[in-house]
Number of protein chains: 2
Amino acid sequence: MREATVGIDRLDGRIIVLLAREPRIGVLEMSRRLGVARGTVQARLDRLQSNGVVRGFGPQVDPAALGYPVTAFATLEIRQGQGRDVRAHLATVPEVLELHTTTGTGDMLCRLVARSNADLQRVIDRVVGFDGIVRAATAIVMENPVPLRIIPLVEQAAQDSEKTQT
Amino acid sequence: MREATVGIDRLDGRIIVLLAREPRIGVLEMSRRLGVARGTVQARLDRLQSNGVVRGFGPQVDPAALGYPVTAFATLEIRQGQGRDVRAHLATVPEVLELHTTTGTGDMLCRLVARSNADLQRVIDRVVGFDGIVRAATAIVMENPVPLRIIPLVEQAAQDSEKTQT
DNA sequence: CTTTCACCGGACAGGTTGCCCAGTGAAAAC
DNA sequence: GTTTTCACTGGGCAACCTGTCCGGTGAAAG
């Protein structure tokens, strides 16, 4: 299942961008706007999904609206050989939105949310209240000037593949 | 536009979870599986979206499949008063997937992707090649044991609101 | 020159959407 | 206690979209 970096062309890029801007749009409407046949859009979409370029269309839920307006990043230092256990532990904490193992200072980086700054303490306690975590450094998010985005990269990739061709 | 933390009940939670598991599902099919009337699901979904709980259904694109298999987090230290310019600068870099301003060590944290470790150098150069950025510390992601997720939190929130009631 | 392939334009049945409505039960307001 | 409010139900309707299949075309590859 090693996905071998599949390129996308301009049409693919436009499909993704269109989908990102108006997710509820249908294949037919897309084909109209892009000026291509419906079958083409359908085939491209199928390919993008089986390619793994487009993973899915899950709902984007705002933690703040759920009552978790505080976001933080925690850098964790792990005791040698405890990685597996720590990962399993963190996976059970709902407030842990994602977890990465990294190089550099610290061994893991995780994104947390909490109901308030006070509640963040509870979350952190739960996160680090586990053997194997030696130390944790937390950075609370104040502002989010660039929310998670992918479109600029998609456009970049679409352009690159064009240049590469011929 | 201050969204005032709206609670969700079990049905809302089930709708979101269902949508997350099978994004292409329609309102009618949802109503069948949840055992409620179609109009109810429709109304709930509308409410969740105008609530801001569900932001949308944009395509989830995998950077790796686009040719950007390397992810990294960079902690940036900013020169006093340069925040605005730095934000604007980083927003123009496609490889910057998100950017936060934080408390703690460093002033900003951003997520980067690159075509390779070597390419990461180019990205970092471009990111920090800007007046106002004093220092940058980069952590390369090796593994991603917990990919960005929201469902556990949704379930938590749905349960909480139940307990709160009565 | 022939094969291959992506795309086009069109067609079809079946399912779904958006919308509306009256009826019901329960909780809230009076 | 009575009335109002509100979410939900179950149903119906026209318009639309989806999945699917088809033959035809042009360009690129063999």
Side-chain angles (χ1 to χ4, degrees), chain A residues 4-60 65-66 154 157-166, chain B residues 4-60 65-66 154 157-166:
Chain A
T5 289
V6 200
I8 64 173
D9 66 9
R10 278 222 161 72
L11 182 54
D12 289 325
R14 291 171 67 204
I15 290 176
I16 294 175
V17 171
L18 197 51
L19 228 29
R21 283 203 231 289
E22 301 174 55
R24 273 326 210 189
I25 203 176
V27 175
L28 185 56
E29 180 61 20
M30 265 193 275
S31 71
R32 281 196 281 256
R33 302 222 195 151
L34 298 175
V36 296
R38 178 166 70 108
T40 304
V41 175
Q42 230 151 12
R44 293 299 192 108
L45 249 187
D46 288 347
R47 214 196 51 190
L48 285 173
Q49 295 203 58
S50 50
N51 266 350
V53 174
V54 172
R55 284 248 172 110
F57 301 86
Q60 298 162 331
L66 279 183
V154 168
Q159 284 187 8
D160 286 358
S161 74
E162 288 296 311
K163 291 173 194 161
T164 305
Q165 288 183 7
T166 299
Chain B
T5 289
V6 201
I8 63 172
D9 66 9
R10 278 223 160 71
L11 182 54
D12 289 324
R14 290 171 67 203
I15 290 176
I16 294 176
V17 171
L18 197 51
L19 229 27
R21 282 203 232 289
E22 301 175 56
R24 275 325 211 190
I25 203 176
V27 175
L28 185 55
E29 179 61 21
M30 266 194 273
S31 72
R32 281 194 281 255
R33 302 223 195 150
L34 298 174
V36 297
R38 178 167 68 109
T40 305
V41 176
Q42 230 151 12
R44 293 299 192 110
L45 250 188
D46 289 347
R47 215 196 50 191
L48 285 173
Q49 294 204 58
S50 50
N51 266 351
V53 173
V54 173
R55 283 249 172 107
F57 300 86
Q60 298 163 331
L66 279 183
V154 168
Q159 283 186 9
D160 285 358
S161 75
E162 289 296 311
K163 290 174 195 159
T164 304
Q165 288 184 6
T166 298

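Hydrogens, waters and symmetry mates are skipped; everything else that's a heavy atom, side chains included, is used. By convention in this document, chain letters (A, B, ...) are assigned in the order of the sequence lines, proteins followed by strands, and residues within each chain are numbered from 1.
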Side-chain heavy atoms of Leu19(A) within contact of Leu45(A), under 4.5 Å: yes

Flag side-chain contact, heavy atom, 4.5 Å: Ile25(A) against Arg32(A): no

Sugar-phosphate only, base, or nothing, as touched by Arg47(A) at under 4.0 Å among non-hydrogen atoms: nothing

Gln49(B) side chain reached by Phe57(B) side chain, heavy atoms, under 4.5 Å: yes

All salt bridge (charged side-chain N to carboxylate O under 4.0 Å, His left out) counterparts of Arg47(A), not counting sequence neighbours: Asp12(A)

Thr40(A) and Leu11(A), any side-chain heavy atoms less than 4.5 Å apart: yes

Distance in Å, Ile15(B) CD1 paired with Leu48(B) CG, rounded so as to fall on 0.5 Å steps: 6.0 Å

Chain A contact limits on DNA chain C, taken 5' to 3' with a cut-off of 4.0 angstrom to heavy atoms: dC7(C) to dA11(C)

Outermost nucleotides of DNA chain D that come under 4.0 Å of a non-hydrogen atom of chain A: dC17(D) to dT20(D)

Side chains of Val54(B) and Gln60(A) in contact at under 4.5 Å (non-hydrogen atoms): no

Residues touching DNA chain D, which here means a heavy atom under 4.0 Å, drawn from residues 16-30 of chain A: Gly26(A), Val27(A), Leu28(A)

Helical bend (five base pairs per end, nearest 10°) for the helix from dC1(C)-dG30(D) to dC30(C)-dG1(D): 40°

Nearest-nucleotide comparison on DNA chain C, the residue closer to the 5′ end among Ala43(A) and Arg38(A): Ala43(A)

Nearest heavy-atom neighbours spanning Ala158(B) and Gly13(B): CB-CA, 4.3 Å

Student check: side-chain heavy atoms of Met30(A) and Val36(A) closer than 4.5 Å: no

Short N-O contact, Asp9(B) and Arg44(B), less than 4.0 angstrom: yes

Arg33(B) and Glu22(B) ion-paired at < 4.0 Å: yes

Touch class at under 4.0 angstrom, heavy-atom based, for Arg32(A) against every strand present: sugar-phosphate

Contacts of Arg21(A) that satisfy salt bridge (charged side-chain N to carboxylate O under 4.0 Å, His left out) - sequence neighbours left out: none

Note, Leu28(A) side chain near Val41(A) side chain (heavy atom, < 4.5 Å): no

